[in-house]
Every structure is written in structure tokens, then in C-alpha cells.
There are 2 protein chains.
Amino acid sequence: MGDARNKEDLYGAFAEVGKVLSNGKRIEILDVLSQGERSVEVLAERVGTSVTTTSAHLQIMRRSGLVSTRREGTHIYYSLASFDVVKLLETFRSVARMHYERVEPALERYLGSNEAESIDQGDLQRRWSRGHIVILDVRPHEEYLAGHIPGAISIPLERLSDEVEKVFEVEAASPSSLPESEQGSVTPADLEIVVYCRGAYCSFANDALAILQSRKLNTIRLSDGFTEWRIAGREVEV
Amino acid sequence: MGDARNKEDLYGAFAEVGKVLSNGKRIEILDVLSQGERSVEVLAERVGTSVTTTSAHLQIMRRSGLVSTRREGTHIYYSLASFDVVKLLETFRSVARMHYERVEPALERYLGSNEAESIDQGDLQRRWSRGHIVILDVRPHEEYLAGHIPGAISIPLERLSDEVEKVFEVEAASPSSLPESEQGSVTPADLEIVVYCRGAYCSFANDALAILQSRKLNTIRLSDGFTEWRIAGREVEV
DNA sequence: CTAGTATTCTTGATAATTATAGAATATACT
DNA sequence: AGTATATTCTATAATTATCAAGAATACTAG
């Protein structure tokens with residue numbers, strides 16, 4: 001009891017879990033998995049490593065217990081062991097962001113620095129109830145289907161350029177909570193589009209922002225994303 | 001914006017913070033630092049690595065921003081950048097413990113498995129107000145001085161064998177909240193001793209438990225320790 | 001300025017990690 | 001059973017981490 005060998009084992013066990021967070025590709029994989037289960041092949045494609053390398057990373061992650069697997073026929077689907085892992089990742093990144101000075105600049109280079117043009121979750125809900133906004137989910141469609149912010153419509157980023165007009169169709173189809181007299185008079189410039197993606201560290205929303213603003217649309221991004229929305233315990237629509 | 005190079009930088013930056021948690025010795029160092037600032041020499045001694053190796057670990061930790069330094073004359077004192085790091089460590093370990101099956105057995109081998117003989121923070125406060133217990137802090141004396149659970153007395157583990165009788169002196173000196181009539185009649189067997197140390201993963205309390213129980217004293221450990229006490233936001237006495 | 005002490009930097013040996021290609025395995029389907 | 005497909009295992013090379021001894025640096029005190 002309490003001797004050096006056992007101490008090493010214990011701390012070694014913790015370190016093995018920490019190892020999951022010590023490689024960028026693995027953190028990227030965690031990010032994708034926080035949106036739902038995925039196969040090795042899909043993960044490899046999303047993360048940009050070979051299938052073998054991705055598999056090796058996944059073995060490390062599975063051994064740590066943070067990731068679990070489910071076999072369905074010839075496919076093996078990887079998923080996060082529990083929602084606690086999403087929360088841990090969120091805590092981890094917020095601490096990293098606060099303390100490691102290299103994070104913020106890297107984030108600005110990756111997302112572009114339009115911090116001014118974002119609103120938080122509470123603002124979004126308030127504005128949504130007042131009407132005249134469209135909530136736009138630019139994640140891949142299957143992630144939208146797995147759950148999204150109530151009222152949001154789905155236009156995946158890669159289809160956004162071709163399908164912008166869908167935004168106005170939706171506004172016409174589902175009247176807001178405003179009195180009748182004020183409806184129907186909304187011009188594209190009046191309508192505010194709130195864009196969101198997976199989370200605060202996902203570039204989809206900012207890429208979408210660039211596209212929409214180049215078309216002179218009144219667009220803003222949610223300051224974080226769907227992951228943080230779930231962590232906050234807010235309502236999710238499926 | 002949003003390209004592969006920047007993405008790599010961002011996730012790489014996160015990974016560099018994760019690296020701190022990917023080595024057992026570094027986690028051990030974080031544990032010691034969560035009790036207060038320490039010099040390289042002291043840390044090396046506590047953790048059981050050479051000063052040079054310890055210094056190298058500390059450089060990694062400092063670069064990540066989780067650990068900061070303060071120079072006082074010839075000494076450099078290392079400390080955690082903020083209390084958030086303690087909370088992160090706590091979250092991290094609780095997730096690791098839940099999901100990685102190797103943690104629990106390692107913990108039992110290190111601490112000994114007397115799970116039955118522990119009480120939680122709420123129980124401790126309730127029993128303390130009812131009297132007839134002594135709260136015993138077995139951490140090194142300087143950690144006790146930096147802050148401890150209200151009412152606790154300090155007997156560092158390495159002095160415990162020689163100074164057990166101090167426990168009874170204290171009970172005599174500071175009468176509990178019981179009515180006068182019931183005081184003075186406490187025998188060593190009646191008196192319950194609640195032991196605590198740094199945290200749930202610290203072996204001091206269990207080592208102390210073994211010593212006290214071998215003397216047939218009525219002893220129990222706090223299920224976690226001082227770190228968790230602080231995280232819970234409970235009152236601290238200095 | 002100099003001696004003394006604490007800490008970090010250099011160096012080098014060893015071990016671990018990352019990544020990939022190609023072989024092997026496991027399952028589904030016909 | 002045999003083929004197709006998804007995934008893991010094996011082997012290999014390049015990179016990076018770990019650790020410790022000794023040199024170099026930074027600061028204090030006389």
C-alpha cells in the first residue's frame with residue numbers, strides 16, 4: 001500500500017488517459033465523435049490521416065476508455081464513452097485557451113477574427129422569440145438530423161453557395177411570433193441570419209459567415225455551437 | 001482562414017496543453033502544486049526524479065501556461081496558473097476513473113481498499129457539529145498552515161506514530177458543542193477520528209488510517225481530501 | 001568582484017510515438 | 001465455401017520524449 005510502484009501505476013493510468021489529449025489529431029477525432037458515432041474510414045477522411053494511422057489513434061483512445069466501439073456488420077462505429085467526455089474536452093479547451101498564449105492567435109487565424117459579430121445562446125433565444133431571424137445550421141446534414149437547435153434550418157457549408165435562397169423560403173413558410181400586420185414585409189436585408197456549427201472551435205460557421213456577408217446579407221454567428229448548447233442543457237430538436 | 005495549416009496549429013496548441021496530462025510524473029507535480037507553490041528541488045524530492053528531469057518537466061508545464069513561476073532571490077517557485085487548473089485536474093481524473101478500467105484497481109493497490117471506512121464532506125460537517133470527533137490533517141505541516149478544514153488539527157503522517165496522543169489533548173482542550181453533562185466522559189474508544197489528506201488520490205490518509213487502526217482507535221477517512229473541499233467551495237481555515 | 005547556490009541548458013543514450021504501406025483478420029453477402 | 005469490404009496487425013522509418021550527468025547561467029551575499 002502507498003508504495004512507489006503502486007503510485008507509478010496509478011499516475012501512469014491517469015497519464016494514459018491524458019495521452020488522448022496530447023495529440024492534435026486525436027483531439028480532432030474527439031471533436032468529430034462529439035457529433036455522433038463514426039467509422040474509421042469516415043474519421044480518417046474528416047481528419048486527413050490514412051486509415052491505418054487513424055485506426056492506431058483510435059486504439060489508443062479506446063484503450064483509455066474515453067471512446068467505445070459498436071460493431072454493425074463489417075463496420076465498427078466509434079463513439080465517445082459518455083457525454084462526460086464532451087464536457088471534459090470543453091473544460092480542457094477553455095482552460096487551455098485561458099492559459100496558453102498560443103491558442104488565441106491560432107484560433108483567430110483559423111476562424112478569422114470577427115469576434116464582434118457573434119451573439120451568445122441567451123441572446124439567440126431572446127431574438128428567436130421576437131422573430132425576424134433565421135437560425136442556420138451549417139454542419140453536415142446527418143449531424144443536423146442527429147439533433148439541432150430548435151427552429152434551426154440545415155444548409156451544410158458545402159452547399160451553402162448554391163442554396164442561399166432556402167433561407168428566405170423558410171422565413172416565408174414558418175411565420176414568426178410577430179403580429180400578422182408586421183409579417184410579409186421582411187426584405188432580405190431586414191432578416192437576420194444566425195449561423196452556428198459544431199462548437200466554438202469549428203470553422204464552418206465563420207466560413208459560412210464569409211459567404212453570406214459577401215452577398216450583403218445581415219449575418220451573425222452564434223459565439224459557440226451545438227456542443228456547448230447541449231452542455232448548457234438547452235432544448236434540442238431532433 | 002479555416003485551412004489545414006491553421007487547423008493543425010490550433011489543435012497542436014491544444015495538444016501541447018494536453019501533453020501536460022500525458023505523463024505520470026507531471027500529474028504528480030500538478031498534485032503537489034495544487035497544495036501551493038514549490039521550488040524545483042522540493043518537487044524533485046517529492047516526486048522522486050532528479051532535479052534536471054523535474055526541471056525539464058516543469059519547462060513543458062510552464063510553456064503550456066498551466067504552471068507559472070515566481071522568482072524570489074535564487075529560488076524559483078512554481079505554482080498552478082489558477083484554481084481552474086485544479087478543477088480541470090479533478091474533472092480529468094474523475095472521467096479517467098469512470099472510464100478507464102485500469103484506474104480503480106491501481107487506486108485500490110495504492111490506497112488499500114477500505115472504501116467502507118470513509119465519509120463524505122457533508123457527513124463530516126454534520127458529525128463535527130454533533131461533537132465527539134476529531135478532524136485530523138496528516139499533510140505536511142506547511143500545507144496545513146496554508147489552509148485546512150475548519151477545526152482540523154495537524155499531525156503530519158511521518159510524525160503520527162510518535163504523536164498519536166495529541167489527538168486526545170485537542171479533544172480535551174476544545175470542548176464540543178455537546179451539553180456540559182456529557183463532556184469529560186469520552187474514552188479513546190468513543191472518540192472518532194476523521195483523517196484527511198490532499199485529495200482522493202493521496203495515500204497519506206490511508207497510511208494514517210492503518211497506523212491509527214493498529215492502535216485500536218476508532219478511525220475513518222474523509223472520502224476525498226482538501227483539494228475537493230476547496231473545489232466544493234466550503235469554508236477554509238487558515 | 002567573487003564565491004556560492006539554485007536553476008536551466010546542453011548533450012547523449014534509450015525509449016516511445018507517429019505515420020505509412022502492405023499483410024492478415026473478421027464479417028457480410030451471394 | 002468464396003469473394004468483397006472494413007478494420008487491425010506487422011514492420012519500418014522518421015520524429016519526438018524521457019532521463020540524467022555535467023556545463024552554463026542567474027542571482028545573492030559578503
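Keep in mind that the numbers below use all heavy atoms, side chains included, and drop hydrogens, waters and symmetry copies. Naming convention: chains lettered A, B, ... in sequence-line order (proteins, then strands); numbering from 1 in each chain.
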Rounded to whole angstroms, how far apart are [atom1] on [X] and [atom2] on [N]?
X: His75(A); N: dA6(D); atom1: NE2; atom2: C1'; answer: 7 Å
X: Lys19(B); N: dT17(C); atom1: NZ; atom2: P; answer: 13 Å
X: Ile60(A); N: dA16(C); atom1: CD1; atom2: C1'; answer: 10 Å
X: Gln59(A); N: dT7(D); atom1: CD; atom2: P; answer: 11 Å
X: Glu8(A); N: dT18(D); atom1: CD; atom2: P; answer: 14 Å
X: Tyr77(A); N: dT7(D); atom1: OH; atom2: P; answer: 8 Å
X: Tyr78(B); N: dA6(C); atom1: OH; atom2: P; answer: 14 Å

Q) Looking at Phe226(A), is Arg139(A) sitting on its ring face, NZ or CZ under 6.0 Å from the six-membered ring centre and within 45 degrees of the normal? A) yes
**Q.** Phe14(A) six-ring centre to Arg93(B) NZ/CZ under 6.0 Å and within 45° of normal
**A.** yes
Q: Check each residue of residues 36-58 of chain A for a non-hydrogen atom within less than 4.0 Å of any atom in DNA chain C, then write out the ones that pass by number, or none.
A: Ser50(A), Thr52(A), Thr53(A), His57(A)
**Q.** Residues within residues 20-33 of chain A bordering DNA chain C, heavy-atom distance below 4.0 Å
**A.**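 Result for residues 20-33 of chain A: Asn23(A), Arg26(A), sorted by number.
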Q. So does Glu237(B) have more than 12 non-hydrogen atoms from other groups sitting under 6.0 Å from CD?
A. yes
(Q) With a 6.0 Å cut-off (strictly less than), is the heavy-atom count around CZ of Arg5(B), excluding the residue itself, greater than 12? (A) no
Q. Relative to each other, are the rings of Tyr110(B) and Tyr11(A) parallel, tilted or perpendicular (30° and 60° limits)?
A. perpendicular
Q. Side chain of Trp229(B), backbone of Gly199(B): donor and acceptor closer than 3.5 Å?
A.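 Not confirmed, Trp229(B) side chain does not pair with Gly199(B) backbone.
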**Q.** Short side-chain to backbone donor-acceptor contact, Arg26(A) and Ala15(B), under 3.5 Å
**A.** no
Note, [X] side chain near [Y] side chain (heavy atom, < 4.5 Å):
X: Tyr78(A); Y: Ile29(A); result: no
X: Tyr144(B); Y: Val138(B); result: no
X: Ile149(A); Y: Asp137(A); result: no

Q: For nucleotides 24-30 of chain D, just jot down a letter per nucleotide in 5' to 3' order: B, S or -, based on protein non-hydrogen atoms under 4.0 Å.
A: --SSS--
(Q) Hydrogens and angles aside, do Thr227(B) and Gln35(B) bring a side-chain donor and acceptor to less than 3.5 Å of each other? (A)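 Yes, because at least one side-chain N or O of Thr227(B) sits under 3.5 Å from a partner of the opposite role on Gln35(B).
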